Novice: 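One structure, pasted below without further comment.
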There are 2 protein chains.
Amino acid sequence: MTSVDEPARPGERIRDAARTRAEILDVATQEFARAGYDGARVDDIAARTRTTKRMIYYYFGGKEQLFTAVLEQAYGVIREAEQQLDVEHLDPVAAIRRLAEVTFDHHEQHPDFIRLVSIENIHGAEHIAASEKLGKIGSPALDVIRRILASGQESGLFTADVDAVDLHAMISSFCFFRVANRHTFGALFGRDLVAAEQREHYRTMLGDMVIAYLTADRAAD
Amino acid sequence: MTSVDEPARPGERIRDAARTRAEILDVATQEFARAGYDGARVDDIAARTRTTKRMIYYYFGGKEQLFTAVLEQAYGVIREAEQQLDVEHLDPVAAIRRLAEVTFDHHEQHPDFIRLVSIENIHGAEHIAASEKLGKIGSPALDVIRRILASGQESGLFTADVDAVDLHAMISSFCFFRVANRHTFGALFGRDLVAAEQREHYRTMLGDMVIAYLTADRAAD
DNA sequence: TAGCTAACGTACTGGTTCGTACATTAGGGC
DNA sequence: GCCCTAATGTACGAACCAGTACGTTAGCTA
């Protein structure tokens with residue numbers, strides 16, 4: 001998030017295209033995450049900015065393109081976080097566990113992003129398809145996983161037949177589900193998956209699961 | 001699904017409250033799953049039934065209650081499927097693997113249900129909360145897991161410190177993510193998680209993962 | 001400092017959409 | 001065969017909502 005919440009300091013430019021655009025994007029992110037694509041109201045987004053609805057159409061063209069821009073920014077944030085990833089000095093087991101923990105933490109800290117991804121899936125990822133940026137964004141995390149996996153498989157530590165994309169899916173599944181489905185899961189099973197007291201338990205559980213899978217003794221198979 | 005698609009056989013009752021209600025529910029299930037709660041149109045649902053919009057309000061009261069009824073029916077279907085579950089004659093390891101496979105298959109076969117759950121989570125599970133049925137529906141699967149887990153832990157086969165709810169979350173995560181996020185995952189990583197050729201691979205992967213986690217040698221920890 | 005354009009605001013519109021008032025009829029009970 | 005009511009259909013309204021026509025001004029540039 002670009003976090004534009006300065007109270008319009010005096011002396012600053014009154015007209016500031018970049019700031020106006022960024023402010024619209026931030027408010028739109030919250031509004032789309034809160035209510036979904038169809039539930040979000042362009043008028044409401046405009047009302048919560050220091051500008052008017054006219055500017056949304058001026059800068060983005062329409063509701064559809066605004067949502068695409070929101071997704072682009074949101075995916076940009078994880079990509080940046082993934083680029084900070086520095087685990088390759090660790091041994092493969094520790095590196096994978098660390099990677100899982102970082103993914104876990106990131107999902108927990110960005111529930112809005114999770115909601116946007118859920119919403120985009122309801123719409124068949126059509127906005128990602130419409131975006132020029134998002135198609136070729138790549139994933140730094142995937143490259144990291146690829147290298148750790150290769151090293152672990154070479155040394156014989158990892159026995160599982162997975163590639164980086166599979167492993168990424170496995171780790172993401174757990175992290176994503178925990179945040180995305182916390183409401184229905186809580187309502188049906190009476191357990192809050194994101195409760196603070198359970199955080200360490202689930203964080204450890206994820207690491208244990210992934211490591212157990214990768215290092216399992218498959219002699220008997 | 002109650003699947004009301006009989007072509008109005010002649011000789012049948014013209015006025016049939018039960019059939020009209022069921023038909024509305026089925027069409028509404030498709031429409032809500034397709035477009036989300038706010039994206040769904042009451043007029044469109046009515047148009048696709050053999051009755052009119054008036055009947056939706058007559059039987060359900062409104063859009064909100066209709067969606068709740070759709071959820072109630074959809075959750076009823078899994079509960080029924082879970083009651084068919086017959087794995088307790090197997091040894092704990094085989095039983096858990098079988099359970100994972102059944103969950104995997106069920107998610108794959110009911111993408112509409114997955115979408116409805118995603119949509120309900122976007123809305124904070126407020127319709128489940130508003131439902132009298134859904135709160136106390138329970139989960140037959142949870143009881144089964146509880147018994148298998150107890151037996152596996154007693155015999156020392158299972159070493160992991162999980163309860164039934166945790167394990168259910170772990171299995172569901174993978175199955176749910178694979179179906180729910182297939183669009184964004186496919187668009188970003190170029191891999192279709194529900195492609196037929198990969199089905200067996202992922203089904204095995206899930207079982208391996210869960211078993212590896214449950215039976216991992218934790219002596220070194 | 002004149003003027004030009006990017007940036008911004010106001011007010012409106014046309015279509016949509018949930019919901020309902022009112023009218024009608026099928027068909028079971030007696 | 002009559003009557004009563006559950007079930008159904010029609011037509012409409014009022015609010016909402018994405019998008020736009022038109023007018024204005026800040027502030028850089030020559």
Side-chain angles (χ1 to χ4, degrees), chain A residues 2 4 6 8-32 34-70 119 123 126-127 130, chain B residues 2 4 6 8-32 34-70 119 123 126-127 130:
Chain A
T2 331
V4 188
E6 303 99 59
R9 304 175 223 151
E12 233 183 37
R13 296 256 306 279
I14 311 267
R15 296 195 168 189
D16 188 332
R19 200 208 52 191
T20 301
R21 219 191 104 100
E23 188 174 356
I24 292 171
L25 255 189
D26 275 0
V27 174
T29 299
Q30 294 169 32
E31 182 68 6
F32 279 124
R34 188 187 64 78
Y37 178 77
D38 292 291
R41 298 289 159 241
V42 177
D43 283 292
D44 287 1
I45 294 171
R48 287 173 50 201
T49 61
R50 272 170 294 179
T51 183
T52 64
K53 183 165 58 156
R54 176 71 184 75
M55 289 298 98
I56 293 177
Y57 290 89
Y58 184 69
Y59 284 115
F60 298 96
K63 189 181 182 181
E64 206 93 32
Q65 296 98 305
L66 176 60
F67 185 68
T68 302
V70 163
I119 291 159
H123 294 88
E126 61 181 30
H127 303 94
Chain B
T2 330
V4 188
E6 305 98 58
R9 305 175 222 152
E12 229 182 42
R13 292 260 304 284
I14 310 268
R15 297 195 167 189
D16 187 332
R19 200 207 53 190
T20 301
R21 218 190 105 100
E23 188 174 357
I24 292 171
L25 256 189
D26 276 359
V27 174
T29 299
Q30 294 170 31
E31 182 67 6
F32 279 125
R34 188 186 64 79
Y37 178 77
D38 291 291
R41 298 288 161 241
V42 177
D43 283 291
D44 287 1
I45 294 171
R48 287 174 50 201
T49 60
R50 272 169 293 181
T51 183
T52 64
K53 183 166 58 155
R54 176 72 183 76
M55 289 298 97
I56 293 176
Y57 289 89
Y58 183 70
Y59 283 114
F60 298 95
K63 189 181 181 182
E64 206 94 32
Q65 296 99 305
L66 176 59
F67 185 68
T68 302
V70 163
I119 292 159
H123 293 88
E126 62 180 28
H127 303 93

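Not measured: the values here are computed from a predicted model.
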Novice: Starting at CE of A:Met55 and ending at C1' of C:dT10, how long is that distance when rounded to a whole Å?
Specialist: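 Value for this atom pair: 11 Å.
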
Novice: What is the distance, to the nearest angstrom, from the CZ atom on A:Arg21 to the P atom on C:dA6?
Specialist: 16 Å

Novice: Expressed as a whole number of angstroms, how long is the span from B:Arg19:CZ to D:dA7:P?
Specialist: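 To the nearest whole Å, that distance equals 13 Å.
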
Novice: Can you give one letter per nucleotide of nucleotides 16-24 of chain D, going 5' to 3': B for a protein heavy atom under 4.0 Å from the base, S for sugar-phosphate only, - for none?
Specialist: -SBBBBB--

Novice: Rounded to the nearest angstrom, tell me the gap between atom CG in B:Leu66 and atom C1' in C:dT17.
Specialist: 15 Å

Novice: Holding to salt bridge (Lys or Arg N to Asp or Glu O under 4.0 Å), I want the full list of residues that pass it with B:Arg41, two or more places apart in sequence or in another chain.
Specialist: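 Checked B:Arg41 against salt bridge (Lys or Arg N to Asp or Glu O under 4.0 Å); zero matches.
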
Novice: Indicate, with a heavy-atom threshold strictly under 4.0 Å, whether B:Thr51 touches base, sugar-phosphate, or nothing.
Specialist: sugar-phosphate

Novice: Whole-Å distance between C:dT20 P and B:Phe60 CZ?
Specialist: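 It is 16 Å, rounded to the nearest whole Å.
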
Novice: Taking only the side-chain nitrogens and oxygens of B:Tyr59, find out if one of them lies under 4.0 Å from OP1 or OP2 of D:dA6.
Specialist: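 No, no such contact exists.
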
Novice: Tell me whether the side-chain N/O atoms of B:Thr20 come closer than 4.0 Å to OP1 or OP2 in D:dA7.
Specialist: no

Novice: Search all heavy atoms of A:Val70 against all heavy atoms of A:Thr29 and return the closest pair with its distance.
Specialist: CG1-OG1, 3.5 Å

Novice: According to side chain to side chain contact (heavy atoms under 4.5 Å, CB included), who are the partners of B:Arg48, at least two apart in sequence or on a separate chain?
Specialist: B:Val27, B:Gln30, B:Glu31

Novice: Listed by chain and number, what are the salt bridge (Lys or Arg N to Asp or Glu O under 4.0 Å) partners of A:Asp43, not counting sequence neighbours?
Specialist: A:Lys53

Novice: Can you tell me the distance, in whole Å, between the CZ atom of B:Arg50 and the P atom of D:dA7?
Specialist: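 Going from B:Arg50 (CZ) to D:dA7 (P), I get 17 Å.
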
Novice: Please report, rounded to the nearest Å, how far the C1' atom of D:dA26 is from the OH atom of A:Tyr58.
Specialist: 12 Å

Novice: Who pairs with A:Arg54 by salt bridge (Lys or Arg N to Asp or Glu O under 4.0 Å), at least two apart in sequence or on another chain?
Specialist: none

Novice: What is the distance, rounded to the nearest whole Å, between atom CZ of B:Phe32 and atom C1' of C:dC18?
Specialist: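 Nearest whole value for this atom pair: 12 Å.
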
Novice: So which heavy atom on A:Asp38 is nearest to which on A:His123, and how close?
Specialist: OD2-NE2, 3.3 Å

Novice: Output a table of donor-acceptor pairs, distance under 3.5 Å, between side-chain atoms of residues 58-66 of chain A and any protein atom two or more places apart or on a different chain; print 'none' if there are none.
Specialist:
unit_1  : atom_1 : unit_2   : atom_2 : d
A:Lys63 : NZ     : A:Tyr37  : O      : 3.0
A:Lys63 : NZ     : A:Ala40  : O      : 2.9
A:Glu64 : OE1    : A:Tyr37  : OH     : 3.2
A:Glu64 : OE2    : A:His127 : NE2    : 2.9

